[in-house]
Amino acid sequence: METITDQSSTDQSFRDHLATVDAKGHRKWIYAQKPRGKWYKARTYISWIFFILFFTLPFVYVNGQPLFLFNVPAARFILFGKVFWPQDFFIFGLSMVTFIIFIILFTAAFGRLFCGWVCPQTIFMEMLFRKVEYLIEGDGPRQKLLNNAPWTTGKVLKKTQKHIAFYLLAFIIANTFLAYIIGVRELWKIVTEPVTGHIAGLFSLLVFTSVFYGVYAFFREQVCTVVCPYGRLQSVLLDRNSMIVAYDHKRGEQRAKFRKGAAAGTGDCIDCMQCVKVCPTGIDIRNGLQMECVGCTACIDACNHMMEKVGRPLDLIRYASENGIMEKEPLRYTMRMKLYTGLLSILVVILSALLMSRKDVDATIMRAPGMLFQERGTDSVSNLYNIKIANKTMRQVPLQLRLENLSGKVDIVGGKVISVRQDEEGSGTFFIILPRSEVLARKTVLYIGLYEGSKKIDDIHTNFLGPILDQDE
Ligand code: SF4
Ligand code: SF4
């Protein structure tokens, strides 16, 4: 990864190990101090919006169906009230590709803005669990003291309180998470009906709860620094023009402890270590950009606070690009970003076209296998067809079939309509009967209109086999 590094330092050994692992390979627990400042405040407001959306969206139903559902086991997805089936997989695939291109473009331009501001892992960790921890155990240094202290009644009480609170929060998150998968109505059944009828659901709920509890109580920042693939990709996605949280080493070095009336030529960094103490991943941003940095802005707030105290200009640590720090260049829209934007625009257009042309009722018509044609009296010929219908709506759809391009008739076996229940697949069998005068070749192309009442839903073409041989046969 190209990095902004402290030019005064040639020691890059910090890159050889994780900040959260000591020389013996043991975990170094991070006791991050509570950040205070305008960026933290702004992130807090964003987190409130996130929490409102996360915890309420599963309850939003439109026309009897959830606004969002990601039912992976049943391969049913609902996005903004639109039901997607496995048949729509190509739309899903293209959406994923578009999303990935968007992420690449966004990261090239704005670095890890996503991680710091809207990633659920960061928001839950920093804006929920960490805050509960501050409330029960106090700020970072107090937490450290408590952990190193002998086991007294007070310590047991605090630890018990914290872990009960963490487990309850994890349980609430797990319930909401499950609601996104199976819907709140199914979740309600698991909660209210006898356990024996919902063993699998209850098991999933406990597994999710344990995973969330384990992540936020113990695993914490390791998710971002070790597990998250997006974090690992930063090294190839960022360049010298990407916006990152950066230390202005040109202004900051040579760092020196603050003394009133310090000699001219000393950098603005007063080596107070506040930026390190607030960092939730335990790194020193003054070493340059590191993969562990999640762009949380805590160090910006901490440093600004110190700059205010010592009366030096703010934003020694700020959002900037490498070129911005080195050359004082403003953030630029580079050729690479333009290319990504072009590609992204093309994909968005294709995706929009696919979404707009996507049908709520999908049908496939095939001639019945092993059958040619049937003579109907002296003046008509018929073919037998099977139809398969996917009804992606949440209402029963009675379908009629009409011949669109020839005179003739459609004779549905067993009735006048084929009815397909909501959110299900249906099938039917029907004859198409054509007068001989319409059958002028061995194969005749037919257009069959699918109607719900008088509303045309789809047009499907198929072939009709007749007794007449083509001239070249
Ligand atoms: S270096 Fe700063 S922005 Fe990066 S994770 Fe640490 S505190 Fe957050
Ligand atoms: S908070 Fe600012 S002044 Fe203090 S050590 Fe970090 S960069 Fe230097």
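All ligand and atom numbering here is 1-based and tracks the order in the structure. In what follows, every heavy atom counts, from backbone to side chain, and hydrogens, waters and symmetry copies are set aside. In this chain, numbering begins with 1 at the start of the sequence shown.
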List ligand 1 atoms under 4.0 Å from T281, heavy atoms only on the residue side. 5 (S)

Here the atoms of ligand 1 under 4.0 Å from any heavy atom belonging to I285 are 1 (S)

Is the CZ atom of R232 crowded by more than 12 outside heavy atoms at less than 6.0 Å? yes

Quick test: of every protein heavy atom, which one is nearest to atom 2 (Fe) of ligand 1, and how far off is it to 0.1 Å? C299 SG, 2.2 Å

Atom 3 (S) of ligand 2 has as its nearest protein heavy atom I270 N, 3.4 Å

Subset of ligand 1 atoms that lie under 4.0 Å from at least one heavy atom of G295: 3 (S), 4 (Fe)

Hey, is E137 close enough to K159 for a salt bridge, meaning N to O under 4.0 Å? yes

Numbering as shown, the atoms of ligand 1 that approach T297 to under 4.0 Å (heavy-atom distance): 3 (S), 8 (Fe)

F208 ring center near F171 ring center (under 6.0 Å): no

Against the six-membered ring of F129, is R220 placed for a cation-pi contact (under 6.0 Å from the centre, within 45° of the normal)? no

Yes or no: does R255 have any heavy atom under 4.0 Å from an atom of ligand 2? no

Shortest protein contact, atom 8 (Fe) of ligand 2 (heavy atom only): C269 SG, 2.3 Å

F77 and F92 aromatic ring geometry - parallel, tilted or perpendicular at 30°/60° bounds: parallel

If the test is side chain to side chain contact (heavy atoms under 4.5 Å, CB included), which one of F102, F114, Y230 qualifies with T107? Y230

Which value, rounded to the nearest 0.5 Å, describes the distance between Q33 atom CD and C279 atom SG? 12.0 Å

So which protein heavy atom does atom 4 (Fe) of ligand 1 come closest to, and at what separation? C293 SG, 2.4 Å

Which of the numbered atoms in ligand 1 are below 4.0 angstrom from a heavy atom of I283? 1 (S)

Under a 3.5 Å threshold, yes or no: a donor from one side chain and an acceptor from the other, between Y247 and E253? yes

In the protein, which heavy atom is nearest to atom 6 (Fe) of ligand 1, and how far is it? C279 SG, 2.3 Å

Contact between ligand 2 and H305 is defined here as a heavy atom of the residue under 4.0 Å from a ligand atom; is it met? no

Heavy-atom contacts with V294 under 4.0 Å: which atoms of ligand 1 show up? List them by number with element. 4 (Fe), 5 (S)

Nearest option to atom 7 (S) of ligand 1, as decided by whichever heavy atom of C224, C296, A302, G111 sits closest: C296

Looking at ligand 1, is there an atom of it that comes within less than 4.0 Å of some heavy atom belonging to V278? no

